[in-house]
Amino acid sequence: MGTVMKLTSLTARQIRYYETQELVKPQRSDGNRRLYSLNDVDRLLEIKDYLDEGLNMAGIREIFSQKQVESEKRKEEQRKSLTDDDVRKILHDEILRAGGLQGMSSQPTSPLQKPF
DNA sequence: CTTCTTACA
DNA sequence: TGTAAGCA
């Protein structure tokens with residue numbers, strides 16, 4: 001806990017208050033003590049920045065919705081990676097085809113070529 | 001000694 | 001938001 005306070009430069013009161021506002025959800029362990037993960041600390045730092053910018057509970061919900069947007073974008077990126085894989089295979093096939101049709105045999109490289 | 005909860009200011 | 005009391 002003290003570690004989180006130092007890492008975030010927030011008071012225990014603030015950290016607990018943000019927890020009641022559902023901004024962070026640390027897991028509990030022995031004796032009902034808060035166990036903060038890296039993600040929780042990162043979110044607290046983000047909250048602090050928003051607070052310094054003047055935002056209150058408004059910016060708080062902004063972050064909550066922002067995470068939903070990120071998760072939605074992840075799905076789009078997954079679709080993109082699949083199409084990229086297809087494009088990659090197509091280009092690969094085209095390169096093989098071009099090289100095969102043009103049997104590059106004994107043609108000494110021009111003297112102007114530099115090692116690269 | 002540190003953290004947690006509740007509650008008052 | 002700070003702080004005090006009482007418990008773990």
Side-chain angles (χ1 to χ4, degrees):
Chain A
M1 249 286 127
T3 59
V4 176
M5 287 179 63
K6 289 179 181 178
L7 287 172
T8 61
S9 62
L10 291 169
T11 68
R13 186 78 165 92
Q14 289 176 301
I15 298 173
R16 294 178 186 131
Y17 178 69
Y18 302 152
E19 186 180 354
T20 62
Q21 304 302 304
E22 312 242 270
L23 288 171
V24 286
K25 305 168 192 227
Q27 295 182 345
R28 303 300 186 95
S29 79
D30 66 297
N32 206 21
R33 305 226 126 132
R34 292 173 175 79
L35 295 178
Y36 288 94
S37 66
L38 299 176
N39 227 297
D40 293 327
V41 176
D42 190 71
R43 197 184 306 199
L44 284 172
L45 291 173
E46 234 179 299
I47 294 167
K48 194 206 166 193
D49 289 346
Y50 277 72
L51 252 47
D52 289 340
E53 292 179 26
L55 279 11
N56 288 357
M57 314 243 275
I60 281 168
R61 295 197 170 179
E62 283 280 330
I63 295 180
F64 199 71
S65 60
Q66 181 181 346
K67 294 218 161 180
Q68 293 178 16
V69 173
E70 285 185 27
S71 60
E72 288 180 18
K73 283 194 175 182
R74 282 186 181 180
K75 293 182 180 179
E76 295 180 18
E77 288 181 15
Q78 285 178 18
R79 296 171 191 164
K80 273 198 172 184
S81 64
L82 287 176
T83 56
D84 281 350
D85 218 22
D86 290 339
V87 173
R88 188 204 233 178
K89 187 183 179 184
I90 292 171
L91 288 176
H92 184 248
D93 287 345
E94 288 187 15
I95 291 173
L96 287 180
R97 214 172 299 164
L101 292 173
Q102 293 263 331
M104 306 203 293
S105 50
S106 57
Q107 275 299 338
T109 56
S110 77
L112 292 177
Q113 279 208 335
K114 302 176 182 177
F116 205 76

Given atom [atom1] of [X] and atom [atom2] of [N], what is their separation to the nearest angstrom?
X	N	atom1	atom2	value
A:L51	C:dT1	CG	C1'	12 Å
A:R16	C:dT1	CZ	C1'	13 Å
A:E19	B:dT6	CD	P	12 Å
A:Y17	B:dT3	OH	P	22 Å
A:M1	B:dC4	CE	C1'	10 Å
A:R28	B:dC4	CZ	C1'	7 Å
A:Q14	C:dT1	CD	C1'	7 Å

May I ask whether [X] and [Y] are part of the same hydrophobic cluster, defined by side-chain heavy atoms of I, L, V, M, F, W, Y residues being less than 4.5 angstrom apart, directly or through others?
X	Y	result
A:L35	A:L45	no
A:I15	A:L7	yes
A:F64	A:Y17	no

- prompt: Could you go step by step and tell me if A:R33 and A:R28 meet the side-chain contact (heavy atoms from CB on, under 4.5 Å) rule?
  reply: CA-CA 5 Å; A:R33 305 226 126 132; A:R28 303 300 186 95; over 6 Å; no

field: Whether over 12 other heavy atoms sit under 6.0 Å from A:L38 CG
entry: no

message: More than 12 heavy atoms of other residues, nucleotides or ligands under 6.0 Å from CZ of A:R88: yes or no?
response: no

message: Reading 5' to 3' and counting Watson-Crick or G-U wobble pairs with both distances under 3.5 Å, write the dot-bracket notation for DNA chain C, | for bases paired outside the strand.
response: ||||||.|

- request: Assign a letter to each nucleotide of nucleotides 3-8 of chain C from its 5' end: B, base within under 4.0 Å of a protein heavy atom; S, sugar-phosphate only; -, no contact.
  value: B----B

message: Looking at every heavy atom in both A:A12 and A:M5, which two are closest together, and how far apart are they?
response: N-CE, 3.7 Å

- prompt: What heavy-atom pair brings A:N39 and A:K67 nearest, and what distance separates the two atoms?
  reply: OD1-NZ, 3.4 Å

